[in-house]
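These numbers come from a predicted model, not from an experiment. In what follows, chains are A, B, ... by sequence order, proteins preceding strands, each numbered from 1.
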Amino acid sequence: MLKYANPTNFLALAGRLIPWLAAATALLLTAGLCLTFFVAPDDYQQGSSVKIMYLHVPSAWLSMMCYVIMTSAALGTIVWRHPLADAAQKAAAPLGAVFTLLCLVTGSLWGKPMWGTWWVWDARLTSVLVLFLIYLGLIGLWQTIEEPAQAARAAAILTLVGVVNIPIIKFSVDWWNTLHQPASVFKLGGPAISGSMLWPLLIMAVAFTLLFLTLHLMAVRNEILRRRLRRLSIDAAHAEEKSEATA
Amino acid sequence: MNQAFTLTSLLARGLCVDRGGRTIVKNINFDLRAGEALVALGRNGAGKSTLLRAIAGFLPLSGGQLTHTGGEVEISLPELCHYVGHADGLKSALTAAENLAFWAHMLTRSNDASSPELALQRVGLKRLAEFPVAYLSAGQKRRVALARLFMAPRPLWILDEPATALDVASQQVLAQAFAEHRAAGGMIIAATHAPLGLIDATTLDLGSTPSNLGGNA
Amino acid sequence: MRSPLSALFWRELRIARSVGGGGAMSLVFFLILVSLTPFAIGPDLNLLSRIGPAILWIAALLATLLGLDRLFQVDADDGSLDLLLTASTPLELIVVVKCVAHWIATALPLVIASPLLGLTLAMEPTSLAGISLSLLAGTPALTMLGAIGAALTAGLRRGGLLMAVLILPLTTPVLIFGVSSAAAATGGTVPFHIPMLILSGLSLASLAGAPFAAAAALRARDA
């Protein structure tokens, strides 16, 4: 495991993994979408609009999982000061923001036929919106600080502070009486959802997770290469100066 | 070669500049003709930068007159001068060539600006043309700022400590550029602590206290 | 060969997009301001839809002014402002071009995002169209007025808050006619085009007048 913490080894591993992950993602995403549109039943109350769920729920899971990954990477940055952790953190923030936005948009499209409004200010929706804002803030922080190691430490601190929001999102539907429905897949006493809906949902969730992993690996690889390019450029600029001085 | 510029003389008579209610620069006189150079000397706080900024038109004169002869009638003095101050005037997100190309557009009236690559070659930075300025060292940034002098032909160079952060080789390049500019009929006004290699320059001693009178040229 | 003003325009846009340019930050700030209001007054959708135009306008006002305090400050710090003073182009035109580039980089995204945010405030479609149009017509006035404040505080440290104090009182007419045109879109006694025409007039007048004030302030700066 530690062997792959070396950026060079990581690049080699990522290069081998990415095609397989991408293929698996494409396969599962196709299967999941086919199941969603042709196999999964319409809801007796909601009609076909229930199918938004198969995009909405996985992106909601991903929006939180991405933050958890960023939090562990932030610990890696602060405790071990590892460059790979920095890159993993930076690469995850835009992905997390996109999945959160996807979750908000699909939720809004689902809410219009269900609740008669695009948006309500209940605890679940609001806490996910706050998560989205935290992601945007992190992206802003990454873009504003030019020195990568310094940016990583600052972003890690903000990430760790923002993690309080994750349990709030998860349990908001239980703690407060809200319009948003409570958890129905992961709960004590087994899922409260029929098998014909559960299977497509689980397949879509796995497909989204693989999609995230593929994109994340690619983004980490880009970030490592970007850092190397930056370092080489600075070295080249300084070497140029030395060669002129001796000439 | 001589008289590439139409500006023939710059005359200062009794220049005074106030800042914060205090007269920092008092009663400065000089005559500067095409091809001549003026070096302002004095300790820190003697008013060298203030004088240069006033000549460039950034600060109002509280007394005295600054007149120029020659040059097209409608062009004011700030439009005839290149100013290189303590700040380099470069955007760190843009490359050296992009920075220079921008200033060439802003500082020339006609299409006679030279290419950024040629200007950077003169200051020995040709290979760093496509590098963001953020990656350059302080000396390299200063050389990019000085390369601006070659981008747009302007007769009067106003230089505030131009040799700061420059190595010996770059100082020689600068001295040669000064000689060429003067040979072409340009004028130079510089404030400095270090020798700049300006041959036969008139010196203007701003003295140790601001109340001292400036030397006459 | 490019003209000096188009060179300046593209440079400003590139810097706004690059590291720390802050073009996107104004949009995020706008989003945060709008979403904070329901926290403060509660999730009553009827109330929110009634005061939605006011919330969006105040948020747009603050987000525009917040981004503006760096308009001339950065150039003053890195020496570019001195060099612009020696340019062959009049400083007034330079101010206009910088403002136009700044408006495109920061205010235009707010205009485009405002209907989406209006949805979260349960606003009606006609009201959403009204708020977007009124922001489109009114934000140029905010940018131009803000430019005067940015020019006045360009040489100062901690000029940001001072700039807001100087400029916010001047923006009251824009706010009044902006909100009233958004309100007129959903009905009421005043036809929609009257406050819109006044708002456009305010923008045009500030576009014509503010560059002279801002340029005079930049020249008077004791640096």
Side-chain angles (χ1 to χ4, degrees), chain B residues 17-21 24 49-50 52-53 55-60 72 74-95 98-113 115 132-134 141-142 145 148 151-152 154 156-158 160, chain C residues 1-25 70-98 101-102 105 151 154-156 215-223:
Chain B
V17 188
D18 289 359
R19 292 193 75 181
I24 301 284
S49 296
T50 305
L52 261 51
R53 293 183 67 81
I55 296 172
F58 305 150
L59 293 174
E72 290 162 64
E74 79 274 22
I75 301 181
S76 67
L77 192 58
E79 285 177 57
L80 293 170
C81 74
H82 267 299
Y83 176 80
V84 178
H86 299 291
D88 293 323
L90 304 171
K91 295 291 176 196
S92 57
L94 306 182
T95 68
E98 284 170 337
N99 269 297
L100 285 181
F102 168 71
W103 286 118
H105 287 304
M106 290 310 291
L107 298 177
T108 44
R109 276 176 175 273
S110 51
N111 291 353
D112 47 5
S115 81
V133 168
K141 281 180 195 163
R142 174 44 59 109
R148 216 167 42 224
M151 292 295 297
R154 287 190 164 196
L156 176 60
W157 290 4
I158 299 179
D160 198 353
Chain C
M1 183 171 174
R2 258 189 204 168
S3 80
L5 290 178
S6 79
L8 178 67
F9 176 76
W10 289 110
R11 181 179 89 135
E12 292 293 316
L13 274 193
R14 282 206 54 191
I15 293 169
R17 268 183 45 239
S18 69
V19 176
M25 269 305 118
R70 307 284 295 156
L71 183 63
F72 299 114
Q73 183 70 59
V74 181
D75 284 340
D77 289 346
D78 70 13
S80 301
L81 196 55
D82 291 338
L83 297 176
L84 288 173
L85 287 170
T86 69
S88 321
T89 316
L91 190 59
E92 287 78 6
L93 283 178
I94 290 174
V95 170
V96 172
V97 169
K98 279 182 76 78
H102 187 272
L156 310 175
L218 287 176
R219 288 204 184 93
R221 175 183 66 99
D222 183 42

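A 4.5 Å side-chain heavy-atom check between B/Phe58 and C/Thr86 finds at least one atom pair inside the cut-off. At a threshold of 4.5 Å between non-hydrogen side-chain atoms, the residues B/Lys91 and C/Arg14 do not count as touching.
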Evaluate the side chain to side chain contact (heavy atoms under 4.5 Å, CB included) criterion for residues B/Ile24 and B/Val17: first the C-alpha distance (whole Å), next the side-chain angles of each, then the deciding distance (0.1 Å), finally the verdict. CA-CA 6 Å; B/Ile24 301 284; B/Val17 188; 5.6 Å; no
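Heavy-atom distances place both the backbone and the side chain of C/Asp75 under 4.5 Å from chain B. Contact of C/Ile94 with chain B is made through the side chain alone, with heavy-atom distances under 4.5 Å. Neither the backbone nor the side chain of B/Leu77 comes within contact range of chain C, judged by heavy atoms closer than 4.5 Å.
Considering B/Arg142, B/Arg148, B/Lys141 in turn, B/Arg142 is the only one that fulfils the side-chain hydrogen bond (donor to acceptor under 3.5 Å, both in side chains) rule with B/Asp88.
Chain C forms the most heavy-atom pairs under 4.5 Å with one residue out of B/Ala101, B/Cys81, B/Ala56, B/Pro78, and that residue is B/Pro78.
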